[in-house]
**Q** 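My questions will all concern the structure given below.
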Amino acid sequence: MFKLLDGPQTLGRGRTFWSCFLAVLAAALIYPVFADSYDVGNFSYFLIWVFMALGLCLMWGYGGMLSFGQTFFFGISGYAYGVLAINMGGGTATIAALVLSVIIAMIAAGILGYFMIWGGISGIFFGIVTLSATLVLAFFLGQTAGPEWHIGTARLNGFNGMKGMDPLTIGDFYIEGSALYYVMVALIVIVYIALRMLVNSRIGNVIVATRENPQRAEMLGYDVRKYQLLTFVIGSGLAGLSGALYTSWGQFITPSSIGLPAAAMPIVWVAFSGRSDLTATLVGSFLLLFGFQTITVYSQQAALVLMGTLLLATVMLAPQGFVLGVGKLVVDRWTRRRRGDANSAVAETGRLQSDEA
Amino acid sequence: MSAELFSVFYQFADVFAFLILSAAGLAIVFGMMGVINMAHGEFIMCGAYVTVGLVKLGVPLALAQGLAAVTAGLIGVAVEYLIVRRLYKRPLDSLLATWGLSLIVTQSMLLIVGSSITGIGTPEGSFAIGGYTFSTYRLVLFACAVAVLIGLYITFMKTRFGVIARATMQNAAMAKALGARTGRIYAISFGIGAGLAGLCGALYAPTMTLIRWAQRLWWKVSSPSWSAAPMSCSAPRRPP
């Protein structure tokens, strides 16, 4: 089982990498002891979005499906959490609401994905269809301001957004502050490890083979559509997890977290980080969110200009992603003794990228 | 009766003109060249802003509109040369790059110009049929749209440039082997597309309050939800 942690589909293996991983994890775990609670809350907020980025990395980097629909499932799950948490009452039921809302997002992904993948939509049109779905949901929720738009006792409230749901709670204990932070870190570690195992397993190999050449994978006897659907459901489910966590974090969700500018964000994070590797996405998304938040405090427009510049520069200068490129450079320097080994790994990933383009 | 009929035609012409003018550039850039240009709306915005700026400087409206279209076209050539040219073989990346460009331009304009600037009024002039009054400028727009269609048809179907351009889009390597300067052809075609987008912005600049409407246009044009766009024209339609 743990053999799957290291494999051909993920960069970073061996004792050095996992030592670094444990060191970062340890630092993350003792961080709340030293930081004030405001910063801890902010860090939890950044971690919320990482799930979505990891899901997109799986779909786009490994599966070759560029989905613009991460915020679509984010929104479905976020609103579902709100509706369920309000209707089922607070308390421990919020945990059930979290699980159910992620499942709802995955069902939605299953339905949309079935029609797209069995309908033979691929390449750019995959992105266009998912983005259209996203915009439809954003516009639909935007016009639900009237009192007639309610599910149970939960008002949707149009552009003003839904509010009043409880945060995650166990019994009388609200999971917020440091507790929420630790839950996030635990979830990130679980999701990261699980995805690593997934992409290095047999299923992961088929997913990558499909990205490289769907026809070839089909000729080898795999029903690629099933694997694509699985990838899409898992990736979108992770976006759903982000959405439910976001709603419970702020007890608030609006259609603007679904619409066009929001939908662009996960793509920027993943493209900048390096879509072909989970670790790069994890690190890059976090850094980018951190930077974005820091600048947004001063000017949101400037932050978006910076996002655009990063996206443009990534595509023009480092199509594989900045974090991935820098990471490879560092690793190359570090392991000069095993240079031949490292170089072959780099060359391999480079080739996969060019094939995809 | 004839007044009602004309009113129906007038509305048809209005929507027709808007769709044709805003989509004509896209037809070349996306339809012919196969480049998904997410920054198409920004070229429209460019045309609109240049028109408003020039008119405020005292340039006559028609001249300002022509200059705006040319400006957008030149910027389009520059964008093709600097960005799009390197991405013809990576369509997804050209989508991302132009999206990045779109974010930069829109947000920079917001930072520099602000979220609203005072517009320029719609050119005066109206005529009455039956009990209804119609704005002449809307018919001018319709005429422009028809002229753009005819002009495009002639340019791409009847001229030597058009033949070479179509050959380049179909098989760039073969066209190059036959002596066509494919790089230049691509740049000019992209420039024409951008120029037409600029023309759309320039023609509609007097009829709208300039807000960030242009950036969403790409989706309005390319998706069935376009009907929301003409609604945002603030000029009076069919006043009683």
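Keep in mind that the numbers below use all heavy atoms, side chains included, and drop hydrogens, waters and symmetry copies. Letters A, B, ... are given to chains in the order of the sequence lines, protein chains preceding strands, and every chain is numbered from 1.
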**Q** At their closest point, which heavy atom of B:Leu96 faces which heavy atom of A:Ala271, and how far apart are they?
**A**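 Smallest heavy-atom distance, with atoms named: CD1-CB, 4.5 Å.
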
**Q** Contact part of B:Ile83 toward chain A, heavy-atom cut-off under 4.5 Å: side chain, backbone, both or neither?
**A**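 Its backbone and side chain both get close to chain A.
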
**Q** So what's closer than 4.5 Å to chain B heavy atoms on A:Phe68: side chain, backbone, both or neither?
**A**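 Side chain of A:Phe68 only, per the 4.5 Å heavy-atom cut-off to chain B.
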
**Q** In terms of heavy-atom contacts, does CZ of B:Arg85 have more than 12 from other residues, nucleotides or ligands at under 6.0 Å?
**A**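 Yes, enclosed.
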
**Q** With a sphere of 6.0 Å drawn around OH of B:Tyr153, does it hold more than 12 non-hydrogen atoms of other residues, nucleotides or ligands?
**A**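 Check fails, neighbour count at 12 or below.
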
**Q** Which distance, rounded to the nearest 0.5 Å, do you find between the CZ of A:Phe125 and the CD1 of B:Ile36?
**A**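 Interatomic distance, A:Phe125 CZ to B:Ile36 CD1, rounded to 0.5 Å: 6.5 Å.
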
**Q** Which heavy atom of B:Asp93 sits nearest to which heavy atom of A:Pro319, and what is that distance?
**A**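 What the structure gives for the nearest pair is OD2-CB, 4.4 Å.
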
**Q** Calculate, to the nearest 0.5 Å, the distance between atoms OG1 and CG belonging to A:Thr309 and B:Leu101 respectively.
**A**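 Answer rounded to 0.5 Å: 9.5 Å.
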
**Q** Should we count CD of A:Glu148 as having more than 12 external heavy atoms under 6.0 Å?
**A**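 Yes - once you tally the heavy atoms of other residues, nucleotides and ligands closer than 6.0 Å, there are more than 12.
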
**Q** Does some side-chain heavy atom of B:Arg90 sit less than 4.5 Å from a side-chain heavy atom of A:Val315?
**A**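 A:Val315 reaches B:Arg90 side chain to side chain.
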
**Q** Of all the heavy-atom pairs spanning B:Leu82 and A:Met316, show the shortest one and how long it is.
**A**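 Shortest heavy-atom contact: O-CE, 3.6 Å.
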
**Q** Which one of A:Leu66, A:Thr314, A:Ile267, A:Leu306 has the most heavy-atom pairs closer than 4.5 Å to chain B?
**A**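 Of the candidates given, the most pairs with chain B belong to A:Leu66.
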
**Q** Going from CG on A:Leu311 to CE on B:Met38, what distance comes out if it is rounded to the nearest 0.5 angstrom?
**A**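 So the CG of A:Leu311 and the CE of B:Met38 are separated by 10.5 Å.
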
**Q** Below 4.5 Å from any heavy atom of chain A, which atoms of B:Leu95 appear? Answer side chain, backbone, both or neither.
**A**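 Looking at B:Leu95, just its side chain touches chain A.
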
**Q** Rounded to the nearest 0.5 Å, how far apart are OG of B:Ser108 and CG of A:Leu304?
**A**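 Output value for this atom pair is 10.0 Å.
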
**Q** Check the surroundings of atom OH in B:Tyr81: do more than 12 heavy atoms from other residues, nucleotides or ligands lie under 6.0 Å from it?
**A**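 12 or below, so no.
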
**Q** Under 4.5 Å from any heavy atom of chain B, what part of A:Ala264 do you find: side chain, backbone, both or neither?
**A**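 A:Ala264 touches chain B through backbone and side-chain heavy atoms alike.
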
